[in-house]
J.: 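Please read through the structure below; I'll follow up with questions.
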Amino acid sequence: MAAASDKSKPYIPINNLVNDGWSKDDEATATCFCGAVQLAFPTSKPGLLDTFVCNCTDCRKITASMFATNFTVDDKYLRHIRGQSNLKSWANSTTIASGYTMTNYFCGTCGTLMYRVGAGFPGASILRVGTVDDLHLHETKLRPRVEQFVKDRVDWFTGVDGAVKADASYYTPAKEGWKSHI
């Protein structure tokens with residue numbers, strides 16, 4: 001397991017059925033579990049906007065977990081390598097704290113949630129860190145900078161060390177220049 005200990009090099013184990021993910025200095029891939037959908041995303045600014053853990057009740061339910069680990073990408077830098085036509089979408093505003101519609105994009109074959117697009121954050125997509133093929137990026141470039149909805153966090157999770165904490169949403173939606181907040 002020597003490759004896994006050197007965080008400066010990509011570590012891409014067999015973590016989907018196609019196993020063709022890659023990672024470069026400025027771009028990497030995110031792939032669904034079955035491999036039908038693959039995205040390329042930036043790993044640094046200006047395309048990588050921010051990284052965060054969300055403890056909101058919506059993220060808890062949609063991920064079937066106690067929190068979601070996310071990163072936000074400027075849509076100008078997000079590329080669909082394959083499977084865009086295989087994505088299914090479902091939108092909702094009822095459970096979203098801001099009241100704005102959040103559209104979820106899932107692989108139509110295996111059901112993996114690939115990203116979300118919030119009406120309150122135009123021009124950006126929220127990707128799930130768990131879909132990223134290079135596991136070292138989870139601990140390095142995609143390590144959460146912010147932890148939001150701390151008021152909804154489960155007691156057994158003490159939070160992300162060193163992250164900026166917010167009781168509700170850290171981000172202010174639908175305002176001109178919202179990206180400058182990050």
Side-chain angles (χ1 to χ4, degrees), residues 16 29-42 47-133 138 142 144-157 159-160 163-182:
N16 64 66
T29 55
T31 309
C32 69
F33 188 65
C34 74
V37 178
Q38 188 172 63
L39 308 170
F41 65 90
L48 177 63
L49 300 175
D50 212 354
T51 57
F52 65 100
V53 162
C54 187
N55 298 288
C56 80
T57 56
D58 182 72
C59 281
R60 288 170 68 162
K61 185 60 83 170
I62 202 157
T63 60
S65 185
M66 294 296 98
F67 56 88
T69 310
N70 308 298
F71 61 105
T72 310
V73 173
D74 186 317
D75 287 339
K76 293 182 291 199
Y77 298 88
L78 182 62
R79 294 188 301 121
H80 290 81
I81 295 174
R82 67 171 172 263
Q84 187 171 12
S85 63
N86 195 44
L87 289 170
K88 303 295 182 203
S89 65
W90 178 76
N92 159 47
S93 62
T94 305
T95 64
I96 308 300
S98 68
Y100 287 94
T101 298
M102 184 74 74
T103 304
N104 306 282
Y105 293 88
F106 300 87
C107 172
T109 304
C110 68
T112 301
L113 175 59
M114 295 303 294
Y115 58 93
R116 304 180 91 186
V117 175
F121 303 103
S125 292
I126 304 164
L127 283 72
R128 301 298 190 194
V129 171
T131 63
V132 174
D133 297 315
H138 299 192
L142 300 178
R145 187 186 72 80
V146 171
E147 183 182 359
Q148 63 180 16
F149 290 95
V150 173
K151 67 179 179 60
D152 295 323
R153 181 173 62 201
V154 294
D155 289 341
W156 52 260
F157 177 55
V160 180
V164 175
K165 306 284 194 271
D167 279 338
S169 179
Y170 176 78
Y171 309 96
T172 306
K175 288 186 178 176
E176 187 62 36
W178 70 268
K179 290 180 188 175
S180 64
H181 185 65
I182 43 186

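All values derive from a computational prediction rather than experimental measurement. Values reported hereafter were calculated over all heavy atoms of this structure, with side chains retained and with hydrogens, waters and symmetry mates removed.
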J.: Set out, in order, the CA-CA distance, both residues' side-chain angles and the distance that settles side chain to side chain contact (heavy atoms under 4.5 Å, CB included) for Arg79 and Gln84, then state yes or no.
T.: CA-CA 10 Å; Arg79 294 188 301 121; Gln84 187 171 12; over 6 Å; no
J.: Could you give the distance from CE (Met66) to CG (Asp152), rounded to the nearest 0.5 Å?
T.: 11.5 Å
J.: If you take the centroid of each ring, where Trp contributes its six-membered ring, are Tyr170 and Phe149 closer together than 6.0 Å?
T.: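 No, too far apart.
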J.: Quick one: does any side-chain atom of Arg82 pair with a main-chain N or O of Gly35 as donor and acceptor, under 3.5 Å?
T.: yes
J.: Can you tell if the side chain of Val117 reaches within under 4.5 Å of the side chain of Ile126, non-hydrogen atoms only?
T.: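 The answer is no, as the side chains (C-beta and beyond) never meet within the 4.5 Å cut-off.
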J.: Please report the interatomic distance CH2(Trp90) to CZ(Arg116), rounded to the nearest 0.5 Å.
T.: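 If we round to the nearest 0.5 Å, Trp90:CH2 and Arg116:CZ are 8.0 Å apart.
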J.: Any luck finding a side-chain donor-acceptor pair between Asn104 and Ser89 under 3.5 Å?
T.: no
J.: Supply the atom-to-atom distance Thr29 OG1 to Asp133 CG, rounded to the nearest 0.5 angstrom.
T.: 3.5 Å
J.: Any sub-3.5 Å donor-acceptor pair from His138's side-chain atoms to Val129's backbone N or O?
T.: yes
J.: Would you indicate whether the side-chain heavy atoms of Leu142 and Leu48 approach each other to under 4.5 Å?
T.: yes
J.: Can you check whether Phe67 and Phe157 have ring centres sitting under 6.0 Å from each other?
T.: yes
J.: Treating Gln148 as the side-chain partner and Ala166 as the backbone partner, does any N or O pair qualify as donor plus acceptor under 3.5 Å?
T.: no
J.: Quick one: OG on Ser125 to CZ on Phe41, what's the gap to the nearest 0.5 Å?
T.: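 Ser125 atom OG to Phe41 atom CZ measures 12.5 Å (nearest 0.5 Å).
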J.: Is the Tyr115 to His80 ring centre distance short of 6.0 Å?
T.: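 Centroid separation for Tyr115 and His80: below 6.0 Å.
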J.: To the closest 0.5 Å, what do you measure between CZ (Arg128) and CG (Leu113)?
T.: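 That separation rounds to 5.0 Å.
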J.: Among Lys151, Glu147, Arg60, which residue satisfies the side-chain hydrogen bond (donor to acceptor under 3.5 Å, both in side chains) criterion with Asn55?
T.: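 Going through the options one by one, the only one that passes is Glu147.
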J.: Any sub-3.5 Å donor-acceptor pair from Thr112's side-chain atoms to Met114's backbone N or O?
T.: no
J.: Are any non-hydrogen side-chain atoms of Phe121 and Tyr171 less than 4.5 angstrom apart?
T.: yes
J.: So how far is it from Leu87 CG to Cys107 SG, rounded to the nearest 0.5 Å?
T.: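 Those atoms lie 7.0 Å apart.
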J.: How far apart are the closest heavy atoms of Asn70 and Cys54, and which atoms are they?
T.: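 Smallest interatomic distance, heavy atoms only, reads ND2-CB, 3.8 Å.
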J.: One thing to verify: whether Asp50 and Arg145 come together as a salt bridge, which I'm taking to mean a side-chain N less than 4.0 angstrom from a carboxylate O.
T.: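 Counted as a salt bridge, because a side-chain N and a carboxylate O are separated by less than 4.0 Å.
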J.: For residues Thr131 and Thr31, determine if any side-chain heavy atom of one lies less than 4.5 Å from a side-chain heavy atom of the other.
T.: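 Thr131 vs Thr31: side chains apart.
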J.: For Thr101, give me all partners under side-chain hydrogen bond (donor to acceptor under 3.5 Å, both in side chains), at least two apart in sequence or on another chain.
T.: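 With sequence neighbours excluded, Thr101 shows a side-chain hydrogen bond (donor to acceptor under 3.5 Å, both in side chains) to no residue whatsoever.
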J.: Pick out which of Val146, Leu49, Thr51, Leu127 makes a side chain to side chain contact (heavy atoms under 4.5 Å, CB included) with Thr72.
T.: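 Result: among Val146, Leu49, Thr51, Leu127, Leu49 is the only option passing the side chain to side chain contact (heavy atoms under 4.5 Å, CB included) with Thr72.
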J.: Any side-chain heavy atom of Tyr77 sitting closer than 4.5 Å to one from Asp75?
T.: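 Side chain of Tyr77 against side chain of Asp75, heavy atoms only: no contact under 4.5 Å found.
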